[in-house]
Protein chains: 2
Amino acid sequence: MGAARRLDDTFAALADPTRRGVIDLLREQPRRAGELAAAFDMSPPAMSRHLRVLRKTGLVEEDAVEDDARVKLYRLRPERFSELRAWLDEVEAFWGDQLQSFKEHAERTRGKKRP
Amino acid sequence: MGAARRLDDTFAALADPTRRGVIDLLREQPRRAGELAAAFDMSPPAMSRHLRVLRKTGLVEEDAVEDDARVKLYRLRPERFSELRAWLDEVEAFWGDQLQSFKEHAERTRGKKRP
DNA sequence: GCAATATTTAACGCCGTCGTTAACCATTCG
DNA sequence: CGAATGGTTAACGACGGCGTTAAATATTGC
């Protein structure tokens with residue numbers, strides 16, 4: 001049930017196009033906070049909060065690499081995405097049965113316009 | 001880009017625990033609107049709007065079966081879930097490369113506390 | 001026709017989100 | 001030290017989501 005609460009935040013985080021855009025950029029390589037703000041033509045504070053949201057949900061992590069301690073690098077983290085996939089798998093497990101019945105039905109009624 | 005817009009709504013729809021709960025119930029079998037409202041101890045109007053959201057995103061469909069034309073049956077629809085899976089696949093495709101590089105890096109620096 | 005049933009729409013209030021600008025650390029470097 | 005740079009936090013306004021109750025719309029059945 002802890003996981004369910006976390007899914008709330010995960011989905012909410014992904015509902016924002018800017019945040020999905022960030023994820024898209026981070027797929028290629030880690031990026032600096034300011035770099036991301038610029039990429040979306042958005043004020044640094046605005047991006048900072050988007051990053052905070054992504055951080056809190058665990059979709060992204062921040063580490064202070066580089067020789068300059070002011071800059072923060074953001075990168076993707078796989079765990080939450082796996083969790084998301086797990087949820088999706090669970091929901092879609094249903095199609096298996098559903099489509100199975102459908103297939104069987106189609107099989108039985110093949111070629112007939114109306115059974 | 002139409003698909004991206006749709007993802008906004010899909011994720012937003014799934015961010016609500018009630019709506020995910022509805023999806024969970026619909027996995028087992030189609031349900032009536034009022035039945036769903038009762039299941040979540042919620043007023044019919046509130047559930048009605050949740051269902052409207054789910055309908056608009058295409059996660060759910062409504063058809064008026066049964067001999068009583070007043071009742072509406074809701075059931076899941078696979079298309080949007082597939083779309084979601086596609087997005088997730090795309091994002092996760094990155095782990096392959098990432099983990100690959102990480103593995104190589106770990107390989108090179110194995111046993112050293114600090115490179 | 002009229003009361004009861006199933007669901008949706010309308011109108012209202014509350015609270016959280018998203019963006020902006022201004023102020024606030026921390027760090028670099030001249 | 002002191003200005004400049006990178007980033008986050010604070011305060012504010014606009015907008016939208018979610019729940020409630022009241023009213024509207026079908027449809028059923030006596």
Side-chain angles (χ1 to χ4, degrees), chain A residues 4-26 29-75, chain B residues 4-26 29-75:
Chain A
R5 247 267 156 269
R6 213 159 36 205
L7 272 182
D8 285 17
D9 298 342
T10 303
F11 278 121
L14 296 174
D16 186 283
T18 299
R19 288 193 288 260
R20 285 205 313 284
V22 167
I23 287 175
D24 228 50
L25 280 186
L26 294 186
Q29 55 176 301
R31 310 263 187 180
R32 306 168 33 167
E35 192 183 349
L36 291 168
F40 292 91
D41 195 33
M42 172 175 291
S43 71
M47 178 54 71
S48 182
R49 255 207 333 216
H50 280 305
L51 291 172
R52 173 150 56 118
V53 171
L54 290 171
R55 227 186 302 128
K56 274 197 176 169
T57 65
L59 289 165
V60 143
E61 76 182 341
E62 164 236 317
D63 54 350
V65 186
E66 293 199 9
D67 49 343
D68 190 335
R70 288 173 299 180
V71 340
K72 301 189 175 170
L73 270 187
Y74 282 89
R75 69 181 72 250
Chain B
R5 246 272 154 266
R6 211 159 37 205
L7 272 183
D8 285 16
D9 298 342
T10 303
F11 279 121
L14 295 174
D16 186 282
T18 300
R19 287 192 289 259
R20 285 206 312 285
V22 166
I23 288 175
D24 228 49
L25 281 186
L26 294 186
Q29 55 175 303
R31 312 262 187 181
R32 307 167 33 168
E35 192 183 349
L36 291 168
F40 292 91
D41 195 35
M42 172 176 292
S43 71
M47 178 54 71
S48 182
R49 256 209 331 224
H50 280 304
L51 291 172
R52 173 151 56 118
V53 171
L54 290 171
R55 228 185 303 128
K56 274 198 175 169
T57 65
L59 290 165
V60 143
E61 76 182 342
E62 163 238 316
D63 54 351
V65 187
E66 293 198 9
D67 50 344
D68 190 335
R70 287 171 300 181
V71 340
K72 300 189 177 171
L73 270 187
Y74 282 89
R75 70 182 71 249

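If you're wondering where the values come from, they're calculated on a predicted model, not measured in any experiment. First the proteins, then the strands, lettered A, B, ... as listed; each starts at 1. All values below come from the heavy atoms of this structure, side chains included, with hydrogens, waters and symmetry mates left out.
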> Can you find a donor-acceptor N/O pair under 3.5 angstrom joining the side chain of Arg70(A) to the base of dT5(D)?
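Per atom types, the contact qualifies.
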> OP1 or OP2 of dT7(C) less than 4.0 angstrom from a side-chain nitrogen or oxygen of Arg55(B), does that happen here?
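No, outside the criterion.
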> Can you check whether Arg31(B) reaches Val22(B) side chain to side chain, under 4.5 Å on heavy atoms?
no
> Arg32(A) has an atom CZ; how far is it from atom P of dT28(C), in whole Å?
12 Å
> Would you please confirm or rule out a distance under 4.0 Å between OP1 or OP2 of dT7(C) and any side-chain N or O of Arg49(B)?
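The answer is no; no side-chain N or O of Arg49(B) sits under 4.0 Å from OP1 or OP2.
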> Rounded to whole angstrom units, what separation is found between the CG atom of Asp68(B) and the P atom of dA4(C)?
17 Å
> Please examine the side chains of Asp16(B) and His50(B), heavy atoms only from C-beta on, and report whether any two atoms are closer than 4.5 Å.
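Counting from C-beta outward, His50(B) and Asp16(B) do come under 4.5 Å.
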> Counting only side-chain nitrogens and oxygens, does Ser43(A) get under 4.0 Å of the OP1 or OP2 atom of dG19(C)?
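Answer is no, no contact under 4.0 Å.
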> Does the pair Asp9(A) and Lys56(A) meet the rule for a side-chain contact (heavy atoms from CB on, under 4.5 Å), with working shown?
CA-CA 9 Å; Asp9(A) 298 342; Lys56(A) 274 197 176 169; over 6 Å; no
> Of Met42(A) and Ala69(A), whose closest DNA chain C nucleotide lies nearer the 5' terminus?
Met42(A)
> Find the distance Phe40(B):CZ to dC18(D):C1' and express it as a whole number of Å.
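Roughly 15 Å, once rounded to whole Å.
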> Mind checking if Ala46(A) touches a base, just sugar-phosphate, or nothing, with heavy atoms under 4.0 Å?
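Touches a base.
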> Which atoms form the tightest heavy-atom contact between Ala15(A) and Ala12(B), and what is the distance?
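In this case the closest contact between Ala15(A) and Ala12(B) is CB-N, 3.6 Å.
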> Within this structure, what is the CG-to-P distance between Leu36(B) and dG19(D), rounded to whole angstrom?
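One finds 14 Å between P of dG19(D) and CG of Leu36(B), rounded.
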> How long is the line joining CG of Asp9(B) and C1' of dG16(D), in whole Å?
13 Å
> Measure CG/Asp8(A) against P/dC15(C) and give the value in whole Å, please.
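Taking atom P of dC15(C) as the reference, CG of Asp8(A) is at 19 Å.
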> Rounded to the nearest angstrom, tell me the gap between atom CE in Met47(A) and atom C1' in dG19(C).
12 Å
> NA contact type, Tyr74(A), heavy-atom cut-off 4.0 Å: base, sugar-phosphate, or nothing?
sugar-phosphate
> From dA10(C), dT7(C), dG7(D), pick the nucleotide closest to the side chain of Pro45(B)?
dA10(C)
> Looking only at heavy atoms, which two atoms of Leu36(B) and Met47(B) are closest? And how far apart?
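The answer is O-CE, 3.4 Å.
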> Given atom CD of Glu62(B) and atom P of dT7(C), what is their separation to the nearest angstrom?
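The answer, rounded to whole Å, is 10 Å.
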> Please give me the minimum heavy-atom distance between Phe40(B) and Gly21(B), naming the atom from each residue.
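Nearest heavy atoms, Phe40(B) then Gly21(B): CZ-C, 3.4 Å.
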> Please report the shortest heavy-atom distance between Phe11(A) and Leu14(B), naming the atom on each side.
CD1-O, 3.4 Å
> Assign each of His50(A) and Ser48(B) to its nearest nucleotide of DNA chain C by heavy atoms, then name whichever residue's nucleotide is nearer the 5' end.
Ser48(B)
> What is the minimum heavy-atom distance between Pro30(B) and Leu73(B), and which atoms define it?
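Shortest heavy-atom contact: C-CD2, 4.2 Å.
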> With sugar-phosphate meaning primed atoms plus P, OP1 and OP2, does Asp67(B) contact a base, only sugar-phosphate, or nothing at under 4.0 Å between heavy atoms?
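The residue Asp67(B) makes sugar-phosphate contact but no base contact.
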> For dT17(C), does OP1 or OP2 lie under 4.0 Å from any side-chain N or O of Arg52(A)?
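Checking Arg52(A) against dT17(C): no side-chain N or O falls below 4.0 Å of OP1 or OP2.
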> Looking at DNA chain C, which of residues 10-22 of chain A put a heavy atom within less than 4.0 Å of it?
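The stretch gives Asp16(A), Thr18(A), Arg19(A) as the residues lying under 4.0 Å from the strand, ordered by number.
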